[in-house]
There are 2 protein chains.
Amino acid sequence: MAEAKRAQSSDKRQRILEGALKAFARKGFYNTKVSEIASEAGVADGTIYLYFKNKDDLLISLFEDRMEWVIERLRSELAEVEGDIFKKIHRIIELHFRLATDQADLAEFITVELRQSAKFVKEYKNQRFVDYLVIIEELVAEGQKEGVIRDDVDSRLVSRAMFGALDEVLLQLTLSKAAGMDVERMTAQVADLFVEGLKSR
Amino acid sequence: MAEAKRAQSSDKRQRILEGALKAFARKGFYNTKVSEIASEAGVADGTIYLYFKNKDDLLISLFEDRMEWVIERLRSELAEVEGDIFKKIHRIIELHFRLATDQADLAEFITVELRQSAKFVKEYKNQRFVDYLVIIEELVAEGQKEGVIRDDVDSRLVSRAMFGALDEVLLQLTLSKAAGMDVERMTAQVADLFVEGLKSR
DNA sequence: GCGGACTGAATGACGATTCATTTTTCTACG
DNA sequence: CGTAGAAAAATGAATCGTCATTCAGTCCGC
């Protein structure tokens with residue numbers, strides 16, 4: 001019966017999350033009214049409170065939900081990369097940028113809102129985000145073990161730096177939608193920059 | 001007379017900006033009450049409106065004010081660097097990180113609030129931020145002209161990536177105050193990562 | 001005692017959340 | 001089947017707290 005309930009629920013819950021994503025991407029968390037999310041999702045204001053404790057909870061749930069999806073995607077794409085570590089790094093960067101075109105709202109939400117609220121950045125531990133970093137970190141560490149990546153760099157630091165670079169470039173890409181930037185070219189350049197920076201000499 | 005007014009004013013205006021910086025760094029823009037800023041600055045609530053149009057204006061003014069300072073500082077420090085482009089890049093990174101220890105509030109404010117409001121990221125053009133990027137961009141372009149930096153990378157893209165990396169690492173540094181990270185070591189590693197990535201082969 | 005700087009209590013708007021009511025879905029019985 | 005009645009889900013108007021902002025009054029330098 002929990003199943004039956006869920007079956008119904010999930011539809012509406014999902015619609016609320018989608019509405020929230022669209023609204024947050026457009027106007028930011030604090031400038032979005034709960035009633036706007038409701039109308040975007042095609043439900044009544046009160047309905048939102050049947051699925052989420054409050055507006056903050058909605059933000060966190062949305063972030064968790066989408067990041068989980070991104071991370072799964074990243075994991076599975078990485079798994080099917082044939083070739084060396086550097087190919088994998090290239091793939092991470094590619095996927096990251098691909099988001100900007102495939103899922104503009106999501107990209108905007110993540111880049112802009114990730115740092116949004118004090119709650120988000122400080123209180124809330126943000127495990128999903130850590131997961132993402134760890135994927136990069138492990139890749140670098142693996143390369144170091146193999147001897148193809150210089151081992152005088154801290155893999156943790158590198159993963160941060162790399163994420164930051166990707167995030168910032170993505171932000172730029174997201175906000176200046178019009179500009180017909182060549183995403184492939186960008187991917188190649190950023191990947192190359194890091195690969196050359198990381199290679200053992 | 002505008003001068004006389006300013007002379008008096010500047011003291012109070014400055015105190016308000018400082019109070020705002022402290023408060024915003026601690027709780028973020030939207031969670032900070034105007035009355036908190038006022039009490040932090042030791043003025044009455046209403047006084048703030050003698051110096052700033054409204055809360056948004058206060059945010060923008062604060063950002064402009066501090067970024068201008070950072071940029072001037074960066075320019076003058078760069079001017080006195082003897083040596084090649086790569087030394088200068090090292091210095092940018094060093095200054096960026098030095099902020100985290102010297103001016104924790106400012107660092108937190110810039111990293112967290114830079115992307116804060118939709119207003120900030122989208123509507124407001126954010127010239128100061130562009131100025132910062134241009135400094136990096138010109139440095140890279142110069143290196144390319146000299147032939148020491150590979151010219152198959154877009155200097156604009158690189159400046160974005162580099163800023164993103166610095167910003168993210170700084171964010172980390174800022175939020176995890178306790179952790180006795182070795183700032184010098186971090187500077188060296190990040191600088192090296194980019195320098196190796198940028199060098200002509 | 002005039003004029004501008006300052007004060008802080010009062011105002012008013014706004015918007016998250018609640019909850020009395022309505023609608024839908026489910027259950028069980030003829 | 002069809003239907004009555006109960007339970008669950010959904011609604012949206014009303015509530016209630018929270019501030020940003022204002023402005024009538026006070027203070028101070030000249």
Side-chain angles (χ1 to χ4, degrees), chain A residues 1-24 26-63 113 116-120 123-124, chain B residues 1-24 26-63 113 116-120 123-124:
Chain A
M1 60 177 68
E3 279 319 290
K5 212 177 285 176
R6 277 302 143 213
Q8 264 195 346
S9 294
S10 62
D11 167 40
K12 220 152 249 189
R13 190 186 141 90
Q14 207 49 42
R15 265 165 50 210
I16 293 170
L17 286 174
E18 264 153 39
L21 177 60
K22 213 175 283 185
F24 290 160
R26 196 174 335 115
K27 316 178 55 178
F29 178 70
Y30 289 103
N31 291 307
T32 298
K33 293 184 264 245
V34 171
S35 65
E36 286 170 356
I37 297 170
S39 88
E40 185 77 58
V43 303
D45 297 9
T47 305
I48 288 179
Y49 293 86
L50 298 177
Y51 294 90
F52 303 94
K53 209 152 62 308
N54 52 40
K55 198 182 165 188
D56 281 0
D57 181 44
L58 176 53
L59 176 67
I60 306 247
S61 303
L62 176 59
F63 187 77
E113 300 299 319
Q116 180 70 288
S117 69
K119 247 191 207 78
F120 221 46
E123 295 166 36
Y124 164 63
Chain B
M1 62 177 67
E3 280 318 291
K5 212 176 285 176
R6 280 300 143 214
Q8 263 195 346
S9 296
S10 63
D11 168 39
K12 220 151 247 187
R13 187 185 143 92
Q14 207 50 41
R15 267 164 50 212
I16 293 170
L17 286 174
E18 262 152 40
L21 176 60
K22 214 176 283 186
F24 290 160
R26 197 175 334 116
K27 315 178 56 177
F29 178 72
Y30 289 102
N31 291 307
T32 298
K33 294 182 263 240
V34 171
S35 65
E36 285 170 355
I37 297 171
S39 89
E40 184 77 57
V43 301
D45 297 9
T47 305
I48 289 179
Y49 293 86
L50 299 176
Y51 295 89
F52 303 95
K53 209 151 63 305
N54 52 40
K55 198 183 168 189
D56 280 0
D57 181 43
L58 176 54
L59 175 69
I60 306 245
S61 302
L62 177 59
F63 187 77
E113 300 298 319
Q116 181 68 288
S117 68
K119 249 192 203 78
F120 222 46
E123 295 168 33
Y124 165 62

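Chain letters run A, B, ... following the sequence lines, proteins first, then strands; residues in each count from 1. As the structure is a computational prediction, the values presented were derived from the model and not from experiment.
OP1 or OP2 of C:dC6 has at least one side-chain nitrogen or oxygen of B:Tyr51 nearer than 4.0 Å. For C:dC6, the OP1/OP2 oxygens have no side-chain nitrogen or oxygen of B:Thr47 closer than 4.0 Å. The side chain of A:Lys12 places an N or O atom within less than 4.0 Å of a non-bridging phosphate oxygen (OP1 or OP2) of D:dA10.
Taking the side chain as every heavy atom from C-beta outward, B:Leu17 and B:Tyr51 never approach each other to under 4.5 Å. When side chains are defined from C-beta on, B:Tyr30 counts as touching A:Asn31, because their heavy atoms get closer than 4.5 Å.
Minimum interatomic distance between A:Arg13 and A:Ser61 (heavy atoms only, all atoms of both residues): NH2-CB, 4.4 Å.
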Grab the N/O contacts between the protein and nucleotides 19-21 of chain D below 3.5 Å, and write none if there aren't any.
residue: D:dC19; atom: OP2; partner: B:Lys33; partner atom: NZ; Å: 3.2
residue: D:dA20; atom: OP1; partner: B:Thr32; partner atom: O; Å: 3.4
residue: D:dA20; atom: OP1; partner: B:Lys55; partner atom: NZ; Å: 3.0
residue: D:dA20; atom: OP2; partner: B:Val34; partner atom: N; Å: 2.7
residue: D:dT21; atom: OP2; partner: B:Tyr49; partner atom: OH; Å: 2.9
residue: D:dT21; atom: OP2; partner: B:Lys55; partner atom: N; Å: 3.0

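Note on residues 35-45 of chain A: pairs passing side chain to side chain donor-acceptor pair (under 3.5 Å), not counting sequence neighbours, are A:Arg26-A:Glu40, A:Lys27-A:Glu36.
Counting non-hydrogen atoms under 4.0 angstrom, A:Ile48 reaches nothing in the nucleic acid.
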Inset, instruction - Verify side-chain hydrogen bond (donor to acceptor under 3.5 Å, both in side chains) between A:Asp57 and A:Tyr49, making sure each step is shown before the conclusion. - result: CA-CA 10 Å; A:Asp57 181 44; A:Tyr49 293 86; over 6 Å; no
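Protein atom CZ of B:Phe52 is 15 Å distant from nucleotide atom P of D:dT22, rounded to whole Å. Regarding A:Asp11, its CG atom lies at a distance of 15 Å from the P atom of C:dT24, rounded to whole Å. One interatomic measurement links the two molecules: CG of B:Leu50 to C1' of D:dA24, which rounds to 14 Å at whole-angstrom precision. The nearest whole Å value for the distance from the CD1 atom in A:Ile37 to the C1' atom in D:dA10 is 18 Å.
Contacts of A:Lys55 classified as salt bridge (charged side-chain N to carboxylate O under 4.0 Å, His left out), with partners at least two apart in sequence or in another chain: none.
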